[in-house]
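Worth knowing before you read on, the calculation uses all heavy atoms, side chains too, and leaves out hydrogens, waters and symmetry mates. In what follows, chains carry the letters A, B, and so on, assigned in the order in which the sequence lines appear, proteins first and then strands, with residues in each chain numbered from 1.
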Number of protein chains: 4
Amino acid sequence: MSSRKDFIKSAALLGAGTLLLPDKPDAKPLVNRTDPAPANWGDDTRLVISISMQFEAGGEPETGFDSPFPQNLQKGYTDLPAKTWFQYGYKEGIPRLLNLWDKYKIKVTSHTVAEAAKRNPDLAREIVKRGHEIAGHGLNWTPQYAMSYNEEKKFIKDGADIIKDITGQTTIGYNCNWLRRSKNTISILQELGFIYHIDDLSRDQPFLIPVNGRNFAVVPYSLRNNDIQLLEGRYFSSKQFGEQLLLEFEQLYEEGAKQKRQMSISTHDRISGTPAQVKVLDEFLAFASKKPGVKFMRKDDIARLTLSDKSALVDSNYM
Amino acid sequence: MSSRKDFIKSAALLGAGTLLLPDKPDAKPLVNRTDPAPANWGDDTRLVISISMQFEAGGEPETGFDSPFPQNLQKGYTDLPAKTWFQYGYKEGIPRLLNLWDKYKIKVTSHTVAEAAKRNPDLAREIVKRGHEIAGHGLNWTPQYAMSYNEEKKFIKDGADIIKDITGQTTIGYNCNWLRRSKNTISILQELGFIYHIDDLSRDQPFLIPVNGRNFAVVPYSLRNNDIQLLEGRYFSSKQFGEQLLLEFEQLYEEGAKQKRQMSISTHDRISGTPAQVKVLDEFLAFASKKPGVKFMRKDDIARLTLSDKSALVDSNYM
Amino acid sequence: MSSRKDFIKSAALLGAGTLLLPDKPDAKPLVNRTDPAPANWGDDTRLVISISMQFEAGGEPETGFDSPFPQNLQKGYTDLPAKTWFQYGYKEGIPRLLNLWDKYKIKVTSHTVAEAAKRNPDLAREIVKRGHEIAGHGLNWTPQYAMSYNEEKKFIKDGADIIKDITGQTTIGYNCNWLRRSKNTISILQELGFIYHIDDLSRDQPFLIPVNGRNFAVVPYSLRNNDIQLLEGRYFSSKQFGEQLLLEFEQLYEEGAKQKRQMSISTHDRISGTPAQVKVLDEFLAFASKKPGVKFMRKDDIARLTLSDKSALVDSNYM
Amino acid sequence: MSSRKDFIKSAALLGAGTLLLPDKPDAKPLVNRTDPAPANWGDDTRLVISISMQFEAGGEPETGFDSPFPQNLQKGYTDLPAKTWFQYGYKEGIPRLLNLWDKYKIKVTSHTVAEAAKRNPDLAREIVKRGHEIAGHGLNWTPQYAMSYNEEKKFIKDGADIIKDITGQTTIGYNCNWLRRSKNTISILQELGFIYHIDDLSRDQPFLIPVNGRNFAVVPYSLRNNDIQLLEGRYFSSKQFGEQLLLEFEQLYEEGAKQKRQMSISTHDRISGTPAQVKVLDEFLAFASKKPGVKFMRKDDIARLTLSDKSALVDSNYM
């Protein structure tokens, strides 16, 4: 055992490579499953599950988007059936998902493209009325990793302003298009009052990074329990999506007895708002919500909790 | 509850973005699962299942078609084994599917490429004799979204005339190649006497759109319970296809207690006419047909019912 | 009922489009499941299962072959690990498959590339010793659909001669590379003494075609129960492969009570000779071999039986 | 039976094509399942399972790597979220896997890219402390098949030196990037003191090859029970990965009663270090570790055992 503790101490000196809790006297190593250690959420929570609901449909560009249709349309034409695939997202998808969250009294984070909210403002307001967080997800679908500092700042701010106008909610969390931030994104977010971003897959727990002398929260996202990656990218069936959720849950729940563990699930309006997806999500929620110590949290609440948690993991060498 | 009703009222003012039943006093929101509300099919129907059987094989072009074979054939040659893959559609596929529909006394809509009917006219007639609807699916496999108004009108009309000649049936419904209509398609269809199209994925219920001052029905199709998308596009196994049907059914059936719900299933001659597909379809039909309130309908019957339903959803901003 | 019989009679006048048994007084329509009719194998056989074992590995070209490795090797280098993937086919794959066939006392047809037999002649002889058919599968892996008549005839004959030299067996059946025959292939095969080919997916039963005034047998192949298509092309798991076999079997077995039905299964040395594939094949064979009326046959025996069967289906318009 | 023995004798004269144990009087053919024969591991071991844990993350290049993100990033930018996907490998993946191996008291072989160990040296040392083998896996991710003799020798040696410096362990086994060795690799490895390589898929048992007059061991790898191939290449779900392991295990375990059988499993830090993968691996290990005669071995131990085994298979015509 002592050799492992030594290992922890030396690992704590490392930067990006650290695999352990930060350099605190009571830090427990992730690699050590035999040490007794309480869960680290500050109460009897064993696993936090955070669900993302992307509200994007309606905000897609006229051309150049992905869809299940063959990508062989002649230039100069609109892919009309593909447009109806997106419409499904706001006409059936989000309403169905909202009902599902209500059924289990779960509050989620809705990463909302401003342009999508603008096209369907009542739906954006309904999301807020039901108690969910609206987080930033770009002014529109344009990737922002290649923007200049000023372009990007305007892009993020304009999106936040639109959402504020429509819903009255100030966005404090952010998700870039395909998670692709620029080297300036986090700085800009902090300047604009955001307190967290999610475009990070590196850990199964939230952590802090120092940005311009203040802590900024990272509430990790996942491509694993992610409908767009699994269903549209890897062609999983809905049944496989549900099986994946269950396997991830079981392992993280077990680990949660000794470590701070967060499970992130992603649901896009037009993809997880379908009957089959809602059915398997329903089955998963029925199962998971009955387990002791499982807590569903909005990402802003996770970010605030982490920022105020003196034992939170801090990554000082964040790239 | 009242906040949700307010939401409905304001949403009713929207166009393409409406996610609710239309602006009628008794309109029930899709987003509200707690309000008691009768199903909206006008009787005790809880879920309408509409099966499409594409009759396309034999009408494919000599080259340039998709098939399970490697797409590396040298130019100037015919892909002879691929041709036999298509032949399977009319030699084994449709006969086998016809027997399956008979077993469950189900009537389906056969979207029929005119050229395919011309090559196998007795099969086209047999489809009609068995009580199924023949709907338009193009003169041949040419995409029509890029045709001029006159070209497209002739293309649709010629196809309809051929089918009328062979089967005696007037086609009143239409499905474009890969669902891709032009901006003129719906207008042309109405001029030619068609009353509905299916090239829309936006909703799980039929609805109406005003076209030149008259209502035209949209009987939505799906890429979800769709054999060509799932088996040939996403490489689902037949077992996964069956699982997907079941999940979709269960969710829509549950929703059908309060909303007007339609489930669309698609079966292509050469893809779902195989033993494995017919076996899982058989199992699905055995299960679904025993559920109270499940009704299998041809799409022309759904269109007519919707056109005569004063409470039907109307989308006035259809693109 | 009478309307269906009329349908049969008129359909019998058609060429490629016929979906029924040929114009014989007692022909039973495939489309009619209510007529009592005996199975058509001439005895109490209800379903014939024909297994193909491709012996190809070792005969692959030095470059330009498919393998599970990334296709990004710089030109001028040999893909050494890919070569070992092929070696698995003769070092482990065929020996393991041979043991499986023995376990169930099944005789199969081994479509053998002559170059592969040349590299591993003892294995070719072992296949014959165990009682299996060696059928032609090309001199080497070169596609033959674009060859001239003379080139192709030499290509087929040279392959047959090599196999005859090594194994003493005269090949009378043929399978082209990726099933792609030229317009001359069947004629050439007949001239060279072959009595059947398998490069046809159009039916679930063997049939006859007139070639230069004599009947030639078609013993249909399948891309459905086909390991290279399902595992390497569609990335099915072995479990899914087994599920697919079972679904196909169950439907064809049911149909076999009234129609002549053949199930074709394909196993390639390096793909189905793996432990997982042999395990699911073993489970399938354990199940299927116990069903009354199931008969496993070599393709040459099916061809001979069909050629001597006066009630066999004849397709006079074969392309 | 005698005919099969004859077959063995003649097969023993062959080179690369041999499918049997080498030309020893007591050699038992792989193709013969009826002969009684003891397992060949020298004790009561029936199946050896060898697990590989690739430690690569952190050593990936700045651009040009595979990841689950769309490969459409503009040139000149870093794919920041993809970098966090790799970070997961050392921050969560390997720690989680190490705990799993501990749970079942299994020692594995960690194929370690030197650059990855350099970035996270404490993790490399932790792997050794826990009792696992560190094997060579390149200085960095550069493919080595196209290097000159001198370049390649330096590439391999520099990597080995770094790992020796960090962990104190001398690497004696090697795995090339994507298994792609050059024609010089094995010679170089032997010169540098390595005793085995794994870049071979041809057999389900270890074997020997003469290299410059001395035997060198081949401890075969697999693309079958391989997470990068199945999950990232074929989009298997974790459940399918587990099913595949089980099927492979069952068949090899059965064969192990009469033949020397080895099962190889591959786990990459960022792919199998996820909760779902560790959950299915846990379930597999719980099952397999209880079976009599199952032995988990590091690959260096397999190599040493094979080199000292006078009955080991020798392939004298290794390419």
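Considering only heavy atoms from C-beta on, A:Phe284 comes within 4.5 Å of A:Ile49 through its side chain.
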Exercise for the section: Show the numbers, then the answer: is there a ring pair (Phe, Tyr, Trp, His ring centres under 6.0 Å) between D:Phe287 and D:Phe249? Expected result: CA-CA 10 Å; D:Phe287 173 81; D:Phe249 173 83; 5.8 Å; yes
Exercise for the section: Any chance you could lay out the ring pair (Phe, Tyr, Trp, His ring centres under 6.0 Å) test for D:Phe155 and D:Trp141, step after step, and finish with the verdict? Expected result: CA-CA 11 Å; D:Phe155 180 83; D:Trp141 285 36; over 10 Å; no
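Here D:Asp300 contributes atom CG and D:Gln169 contributes atom CD; the two are 7.0 Å apart, rounded to the nearest 0.5 Å.
Heavy-atom pairs under 4.5 Å with chain D peak, among A:Met263, A:Arg181, A:Lys183, at A:Arg181. Options A:Gln244, A:Arg180, A:Glu243 differ in how many heavy-atom pairs under 4.5 Å they form with chain D, and the most are formed by A:Arg180. Interface remark: of the candidates A:Asp204, A:Asp200, A:Leu223, A:Leu252, A:Asp204 forms the most heavy-atom pairs closer than 4.5 Å to chain D. For the set D:Gly242, D:Pro70, D:Ala82, the entry with the most heavy-atom pairs within less than 4.5 Å of chain A is D:Pro70.
Of the atoms belonging to A:Phe236, it is side-chain heavy atoms, and not backbone ones, that fall under 4.5 Å from chain D. Using a 4.5 Å cut-off between heavy atoms, A:Arg224 touches chain D through its side chain atoms alone. Contact annotation for A:Leu179: both backbone and side-chain heavy atoms come within less than 4.5 Å of a heavy atom of chain D. Contacts between A:Ser182 and chain D at a heavy-atom distance below 4.5 Å involve the backbone alone (N, CA, C, O). In this structure, chain A has heavy atoms under 4.5 Å from both the backbone and the side chain of D:Leu73. Only the side chain of A:Gln240 comes within contact range of chain D, judged by heavy atoms closer than 4.5 Å.
Nearest heavy atom pair, residue D:Ser238 against residue D:Leu231, reads OG-CD2, 4.2 Å. The minimum heavy-atom distance linking A:Tyr196 with A:Gly173 is given by the pair CE2-CA, 3.1 Å.
D:Glu56 and D:His137 form a side-chain donor-acceptor contact under 3.5 Å, judged by distance and modelled atom types alone.
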